[in-house]
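Could you have a look at this structure, given as structure tokens, before my questions?
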Amino acid sequence: MASSMFLAQRRWFHSLPRNLSNARFFSALPSQHPVSVSGPQNNVGPKSNKFEKASSAPSSLKEPELAKFSAIADTWWDSEGPFKPLHKMNPTRLAFLRSTLCRHFRKDPLSARPFEGLRFIDVGCGGGILSEPLTRMGATVTGIDAIEKNIKIARLHANLDPTTSTIEYCCTTAEKLVEEQRKFDAVIALEVIEHVADAAEFCKSLSALTAHEGATVVSTINRSMRSYATAIVAAEYLLQWLPKGTHQWSSFLTPEELTMILKRAGVDVKEMAGFVYNPLTGRWSLSDDISVNFIAYGTKEK
Amino acid sequence: MNRIICYNNRIFATKAGSDVYRLRIPWRPFSNDAAPLLSSQNAGNPEKGSEAKQYDIAIVGGGMVGLALACSLASRPLTRHLNVAIIDSNPALGRKHFIKKEDLPDPRVSTITPATISFFKDIGAWQFVEQHRHAYFDKMQVWDYTGLSYAKYNARDADKEVLGCVVENKVLLSSLLSRVQETVLPKKIYPSRLNSMSILPNSSSSEVDSTLSMTALFTHGRLAKLELEDGNSLYAKLVVGADGGKSRVRELAGFRTTGWNYSQNAIICTVEHDVENHCAWQRFLPSGPLALLPIGDKFSNIVWTMSPKESSEFKSITEDNFLKAVNHALDYGYGPHPTPSILGSSDLFSWLKGGISKSANDCFEIPPKVVKLASERMAFPLSLRHANDYASKRVALIGDAAHTVHPLAGQGVNLGFGDASTLSSVISEGIAVGTDIGEVSLLKKYEADRKPANVMMMAVLDGFQKAYSVDFGPLNILRAAAFHGAHHISPLKKSIISYASGEMRLPLFA
């Protein structure tokens, strides 16, 4: 039974997409039935060729989308700009990462740099807003993204602080790194999988990049009534945080589906948490509520 | 509702205080045979123009609140390895302190609330305070000149053991300094004053070179640059202004303030009794409150708020006349003793659930007579000032630099210690998630936590100050009724004590 979700162009509710490694464009099917697609023969057509250089596997981006990302790439580090929701959410994601990964690698959670000596990869790093704090926590971080401009911005910003200037940024995709046989202790792909055409293949790449006894962390948006109400109705129509039609609700993954495809890729999901936004205080927090945004941590057994 | 609490606090004396310490008037100098404690660090005493160093945090102002922040950072696992620079020209910070037991108490004292006592215990500084003179008190009596009513507070009303502790500022400072010296926190004391400070806006570097020098980092807004009067300069990721009511950091960073001067001065001095005093007394007189606080060993501290003219008069009259005036003011001066019969007794409140407070039947007492003056009389003008913001890029204000209040409830330095505790916890949270500690978004979390609480306290104190500055029949009766209520109604009294003890952030919201 096909477990794959095939995703039309989507944007995560509270942040603009920053990853496009392996992103493929697949037009929305009117019936909204998940349809399995096996291979790279996606139907964007000639546009896909422009981005061949960015990845080995066809990783086609719709040109307007690329243009939009490139246009706002400069605002990555403006915490009051279009990426504001992502900046606000960042500490919460980092708190989850710190707690689960310290436990996984048996590191002292009270140390200021618990990840010293560990290699992490931030898949779809965008401007590096996740990579930099992880480096400050001691990890050796590699950040990859399909958009060259994002990588440039990320590199420039990282060089402003001697601690983060050691981050290795590459404009590449997960598949390519798999071909290069790179391995990492922790593979982190936050808000990426909803942009990917073949989630199952993507998870296989993530798993292949994870070293033996390593950890894989994926975050995305749930496909639930509540996320429809918040991500589509509220964000696009009522609050107008995003342009209408940005999301295809049918393309979100439920936690069960994500767990299943990760399992098939060899990653055992051990913990899951949700992020909830309190509109009154404007703050994000971790919670057990996985009905809208959620994050999953899994380990690779073999 | 009357919530007069008579903790008294010398706001000027407690200003994280280069100013006051430089006055040094009734101050016994520290022991002459003190060896420089930081010899290993000062050995390479920075000469003018030598290489600037980089720190994580530069605390400008090594007074009580600044050192409390350093101790608090030292006591948290995530921040105990941060590199801290303390900038204060007070020479006492570079020497081992030697407060002799036989020293007479300094008139600059602070009343420490139970919340602050537990903060000190957490950071490990209270053990040093206990080695010197300090006075816990568990009773308090507040009344005014109209004689219409009084309120007696007892710690057991709120199921506590003490209402607070009165400690000399120099004891607090030396305890904090001793504690910070013994921790592993990498620190350096710069015995100078801040001359100028600059922070540039964030900008990107066009080079992709991985090694940026400190100057380049500063140019790109990643570090603040501080220049000191002795010619040294240093860089820091975060500058904390703990330099008192006339804060230089606040001025240089361009924070605006709101506030006004009270047309009142406070006279402070140490006095002696024939008997031990364990109660804090405060009487509201027409021109301001007079407070008598126990310091220990039969000594008490006086804080007398009055108009500037009166204060210069009282400062210049002879000692004997001054003592007579104090005794008179605490006794029959200005008005009669309160007697219970005027506004009825506690039966009035028997219908109230939660009952009558345990100390409601404590009679009015006259404070112990003052027999001797043990220090010089000092006078300070009083004002209220509040910085509109506590934080901006790479700068945060704590203590009197952020807010100064009226001493009538002894809250001033306690607010400052609360700031220090919150700021260090916010910095620790920031480090836990790999944030740059100078980020505005992080510092604003500190502001969002402290500002409402501080503003509320200032409003309450200002309200009292205003309520007591008017002598108008109906208002007097209202005040008396409020006293009466506070004295008899147990839940109200408990709530007043809890708020003043620092346990509740906002009054009345249990």
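Order of the sequence lines fixes the chain letters, A, B, ..., with proteins taken first and strands second; residue numbering starts at 1 for each chain.
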One should read off an interatomic distance between B:Thr435 OG1 and A:Leu94 CG, to the nearest 0.5 angstrom, of 7.5 Å
Once you round to the nearest 0.5 Å, how far does CG of A:Asp161 lie from NZ of B:Lys237?
->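 A:Asp161 CG to B:Lys237 NZ: 5.5 Å, rounded to 0.5 Å.
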Side chains of B:Leu442 and A:Pro91 in contact at under 4.5 Å (non-hydrogen atoms) | no
At their closest point, which heavy atom of A:Leu160 faces which heavy atom of B:Leu217, and how far apart are they?
-> O-CD2, 2.6 Å
Crowded around A:Asn278 CG? As in, over 12 foreign heavy atoms under 6.0 Å?
-> yes
Spacing of CD1 belonging to B:Ile431 relative to CZ belonging to A:Arg113, to within rounding of 0.5 Å =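 B:Ile431 CD1 to A:Arg113 CZ: 10.5 Å, rounded to 0.5 Å.
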For residues B:Leu78 and A:Arg98, report the shortest heavy-atom separation together with the two atoms involved.
-> CD2-NH2, 3.9 Å
